[in-house]
Asker: 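One structure coming up, written as structure tokens, with questions to follow.
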Amino acid sequence: MCRHLAYIGSPMPLAELLLTPDHGLLTQSWAPRHQRNGKVNADGFGVGWYAPGDALPARYRRAIPIWADRSFADVARVTSSRAVLAAVRSASSGMTHEESAAAPFTQGSWLFSHNGRVEGWPDALAGLAASLPAARLLALEAQVDSALLWALVLERLAAGDSAGDALTHVVRTVSAVASGRLNFLLTDGTSIAATAAGERLFWRNGTGSVVIASEPFDDDPGWHEVPDNCLLTATASHVDIRPIRNRTKEQVAP
Ligand code: GLN
């Protein structure tokens with residue numbers, strides 16, 4: 001399914017992170033190397049990034065394949081950022097192909113992405129959806145499992161959870177009621193929380209930078225794979241990986 005990536009570090013041109021690497025998101029949109037589900041990621045794409053002096057991210061999304069958007073290539077060449085979250089999408093069957101369903105989703109300073117699928121959606125999540133305040137449900141951006149998962153994460157963040165705790169909680173509660181693949185990325189521009197829960201996930205750190213991605217964008221030997229059913233939290237200088245316990249139905253996926 002989708003391929004996604006998050007980066008924190010010294011300012012980096014978006015093109016150098018996403019478009020020019022031999023196996024960057026651009027190449028992954030038509031020739032991913034480690035994708036277990038789906039073949040191409042041509043159902044839209046999105047990029048969120050932070051500009052100096054502004055806590056709110058900018059977001060650029062389209063419903064077309066990333067390779068078809070020459071305007072983005074131009075913007076990406078001249079735009080640098082210290083924190084980026086981007087995704088190319090392979091829409092799960094039965095879910096809308098509209099731009100509004102392309103990650104990243106955002107609220108305030110947060111950017112969020114989901115790689116995976118909830119089996120039995122939407123019925124399987126009806127009970128959890130009913131636990132949300134009506135205002136949050138009415139604000140759902142699109143008819144896609146990822147939008148509801150984002151609403152569940154937002155509810156935990158609003159309740160005071162850290163980013164890592166919010167993701168862990170949602171992976172556990174969703175896994176208790178449905179089978180699915182629940183790889184999440186969440187950033188506020190200074191740290192990243194990510195889950196490996198049914199899909200592959202890799203990370204690499206450099207001098208004062210970290211990148212977390214569905215698959216390595218080059219053949220650098222510094223990439224590491226995150227074990228399945230783990231939460232990764234990272235700042236530019238520190239990476240922590242710990243198990244997500246009590247995930248009961250993930251063995252059913254994919
Ligand atoms: N289920 C999500 C969607 O349809 C994510 C799909 C994916 O990971 N490919 O957008």
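These figures come from a predicted structure and were not determined experimentally. Start at 1 and go down the list; that is how both ligands and their atoms are numbered.
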Asker: Measure from the side-chain N and O atoms of Glu215 to the backbone N and O of Arg33, and report whether any donor-acceptor pair falls under 3.5 Å.
Answerer: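 Side chain of Glu215 to backbone of Arg33, a donor-acceptor pair under 3.5 Å: yes, one is there.
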Asker: Tell me whether Cys2 has any N or O atom under 3.5 angstrom from an N or O of ligand 1.
Answerer: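 N/O-N/O distance below 3.5 Å exists for this pair.
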Asker: With heavy atoms of Arg89 as the reference, note each atom of ligand 1 found under 4.0 Å away.
Answerer: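 Answer, ordered by atom number: 3 (C), 4 (O), 10 (O).
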Asker: Could you list which atoms of ligand 1 come closer than 4.0 Å to a heavy atom of Ser90?
Answerer: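 In order of numbering, the contacting atoms are 6 (C), 7 (C), 9 (N).
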Asker: For the 3.5 Å polar cut-off, considering only N or O atoms, please tell me whether Ala101 and ligand 1 meet it.
Answerer: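 Not met; the criterion fails.
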Asker: Heavy atoms only, cut-off 4.0 Å: how does Asn115 contact ligand 1, side chain, backbone, both, or neither?
Answerer: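 Near ligand 1, Asn115 shows its backbone as well as its side chain.
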Asker: Can we say Glu98 and Arg61 salt-bridge, meaning some charged N sits less than 4.0 Å from an Asp/Glu carboxylate O?
Answerer: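 Judged by the 4.0 Å cut-off on N to carboxylate O distance, Glu98 and Arg61 do not form a salt bridge.
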Asker: Geometry only, no angles: is Arg117 polar-contacting ligand 1 at N/O separations under 3.5 Å?
Answerer: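 Checking ligand 1 against Arg117, no N or O pair falls under 3.5 Å apart.
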Asker: Apply side-chain contact (heavy atoms from CB on, under 4.5 Å) to Leu85 and Leu5, showing your working.
Answerer: CA-CA 6 Å; Leu85 196 157; Leu5 170 151; over 6 Å; no
Asker: If only side-chain N and O atoms count, and only distance matters, is there a donor-acceptor pair under 3.5 Å linking Trp30 with Asn41?
Answerer: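 Looking only at side-chain atoms, Trp30 and Asn41 do not form any donor-acceptor pair under 3.5 Å.
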Asker: Classify the ring geometry between Trp223 and Phe217 as parallel (under 30°), tilted (30 to 60°) or perpendicular (over 60°).
Answerer: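 Because their plane-to-plane angle is over 60°, the rings of Trp223 and Phe217 count as perpendicular.
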Asker: Are there over 12 heavy-atom neighbours, none belonging to Glu155, within less than 6.0 Å of that residue's CD?
Answerer: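 Yes, because the 6.0 Å sphere around CD of Glu155 holds more than 12 heavy atoms from other groups.
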Asker: Heavy-atom contacts with Ala91 under 4.0 Å: which atoms of ligand 1 show up? List them by number with element.
Answerer: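 With Ala91 as reference, the close atoms of ligand 1 come out as 4 (O).
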Asker: What part of Glu199, side chain, backbone, both or neither, has a heavy atom within less than 4.0 angstrom of ligand 1?
Answerer: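 For Glu199, no heavy atom sits under 4.0 Å from ligand 1.
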Asker: Regarding atom 4 (O) of ligand 1: of the candidates Gly44, Ser214, Ser92, which has the closest heavy atom?
Answerer: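 Among Gly44, Ser214, Ser92, the closest heavy atom to atom 4 (O) of ligand 1 belongs to Ser92.
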